[in-house]
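Structure, as structure tokens:
What's counted below: heavy atoms across the whole structure, side chains too, no hydrogens, waters or symmetry copies. Counting starts at 1 for both ligands and their atoms, following the listed order.
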Amino acid sequence: MRDTVTPEVLHTVADLRDRVASHGVAGRTRHLNRVVLVPTMGALHAGHLALAARALELGDRVVVSIFVNPLQFGPEEDLDAYPRTLRDDVARLGELGVPYVFAPTAREMYPDLPVGTRVTAGPVASRYEGASRPGHFDGVLTVVTKLLNIVQPDVVVFGQKDAQQVFLVQRMVADLNLPVSVEVVPTVRDEQGLALSSRNRYLDAAQRRGARALSAALRAAASAAGGVVGAIAAAQAVIDAEPLAKLDYLVVVHPQTFLPVGDDHHGTARMLVAAMVGTTRLIDNAPLEIS
Ligand code: PAF
């Protein structure tokens with residue numbers, strides 16, 4: 001546990017580079033001098049704080065970026081309504097001991113509109129989340145690439161909750177030989193198993209109870225017999241029994257390719273689930289060991 005600090009909030013690329021680059025202390029071990037980036041869109045909850053806490057174990061120069069990235073929102077999505085709570089976020093990061101917050105404006109990140117060069121996320125990006133959010137992952141990978149170039153971290157930290165995002169970032173880092181290592185932190189859940197998400201704040205009490213169906217479905221799959229088919233059937237039954245949850249997709253993917261496994265798959269896999277609860281879209285995932 002680190003001492004509470006007052007994080008420096010940097011709004012421009014030039015200031016961020018100047019402060020983070022100059023923070024390295026001669027004589028400190030390379031480990032302590034490591035730059036660690038936690039990209040976020042703010043509205044921080046305990047899941048984000050777990051990412052920041054892990055970052056602080058990995059190096060001293062921790063930068064949490066807070067930027068609601070317009071490129072990853074579709075025209076019908078909640079860009080304007082997305083919660084923006086910078087003051088509270090900075091205070092919570094200060095309690096953890098995070099020294100730097102990078103909070104650029106959209107103009108600082110995208111000064112020349114329309115945006116010209118973008119990263120293309122590849123075929124897996126049009127499945128699952130990408131099927132209902134076309135272009136979403138191109139937007140994510142474009143901003144992540146920009147943040148990696150701006151901060152130049154040794155390590156970048158992501159949450160396992162966004163499994164497809166993690167897969168696509170890892171794939172991009174490998175495909176483009178980006179000089180950064182990707183650290184993945186397990187999903188943080190409330191006592192009832194609901195994965196923490198900034199969007200949980202849109203749920204009323206009944207919907208919050210209904211939203212538990214997603215993690216309950218994953219647990220049912222993990223203990224089901226009957227291979228891939230049995231796991232999907234068990235999870236589907238849990239979602240179908242919850243009147244407030246409307247299933248979008250439920251799929252078992254191969255951890256290496258993130259493509260759906262065949263019915264005869266054995267060994268490690270990952271189940272992904274997405275559902276609408278009221279007007280809120282929720283996702284969750286968990287590893288599966290198919291015997
Ligand atoms: O996971 C998120 O909050 C966002 O997709 C990210 C990685 C910060 C990019 O905007």
Side-chain angles (χ1 to χ4, degrees), residues 10 13 16 36-52 54-55 62-74 77-86 88-90 92-93 98 100-110 115 118-122 124-125 128-130 132-151 153 155-173 176 178 180-188 195-202 272 274 280-285:
L10 304 154
V13 174
L16 184 280
V36 186
L37 169 66
V38 183
T40 81
M41 297 206 300
L44 302 183
H45 50 66
H48 295 111
L49 299 183
L51 305 183
R54 179 69 188 127
V62 170
V63 179
V64 174
S65 64
I66 296 182
F67 178 60
V68 183
N69 173 34
L71 247 55
Q72 69 190 76
F73 287 78
E77 291 186 342
D78 57 349
L79 172 63
D80 292 337
Y82 200 87
R84 287 159 171 87
T85 56
L86 184 63
D88 287 357
D89 292 347
V90 171
R92 299 185 78 180
L93 293 170
V98 170
Y100 300 115
V101 173
F102 179 47
T105 59
R107 201 183 170 79
E108 178 72 10
M109 290 296 275
Y110 302 114
V115 173
R118 293 174 192 241
V119 177
T120 305
V124 168
Y128 325 127
E129 282 309 281
S132 31
R133 307 183 70 188
H136 169 70
F137 287 114
D138 291 358
V140 170
L141 294 194
T142 301
V143 81
V144 168
T145 304
K146 283 176 69 75
L147 291 167
L148 292 175
N149 285 332
I150 292 164
V151 180
V155 185
V156 62
V157 182
F158 287 93
Q160 182 60 63
K161 154 133 188 316
D162 297 304
Q164 190 176 4
Q165 171 169 283
V166 165
F167 173 83
L168 291 168
V169 168
Q170 286 171 325
R171 188 67 208 260
M172 173 179 77
V173 165
L176 303 183
L178 301 182
V180 67
S181 77
V182 180
E183 176 77 9
V184 183
V185 173
T187 303
V188 178
L196 299 194
S197 160
S198 306
R199 292 199 166 118
N200 291 352
R201 68 180 65 198
Y202 301 142
L272 314 178
T280 307
R281 185 186 162 72
L282 297 175
I283 60 173
D284 203 348
N285 71 91

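The protein atom (non-hydrogen) at minimum distance from atom 3 (O) of ligand 1 is M41 CG, 3.6 Å. Summary of contacts: the protein heavy atom closest to atom 1 (O) of ligand 1 is Q165 NE2, 2.8 Å. For atom 4 (C) of ligand 1, the closest non-hydrogen atom on the protein side is Q72 NE2, 3.6 Å.
Under a 3.5 Å cut-off, the side chain of Q165 and the backbone N or O of F137 do not form any donor-acceptor pair. With hydrogens and angles ignored, the 3.5 Å screen pairs no side-chain donor or acceptor of T85 with any backbone N or O of D88. Looking only at distances, no side-chain donor or acceptor of K161 sits under 3.5 Å from a matching main-chain atom of A195.
Taking a cut-off of under 4.0 Å to the non-hydrogen atoms of F158, the atoms of ligand 1 that pass are 7 (C). Listed by number with element, the atoms of ligand 1 under 4.0 Å from a non-hydrogen atom of P39 are 8 (C). Residue-ligand proximity, V143 to ligand 1, at heavy-atom distances under 4.0 Å covers atoms 9 (C), 10 (O).
Between I66 and M41, every side-chain heavy-atom pair lies at or beyond the 4.5 Å cut-off.
For the pair T40 and ligand 1, the shortest N or O to N or O distance does not fall below 3.5 Å.
By the neighbour-count criterion of 12 heavy atoms within 6.0 Å, atom CZ of R199 is densely surrounded, having more than that number from other residues, nucleotides or ligands.
Classification of the F67-Y110 ring pair by plane angle, with boundaries at 30° and 60°, yields tilted.
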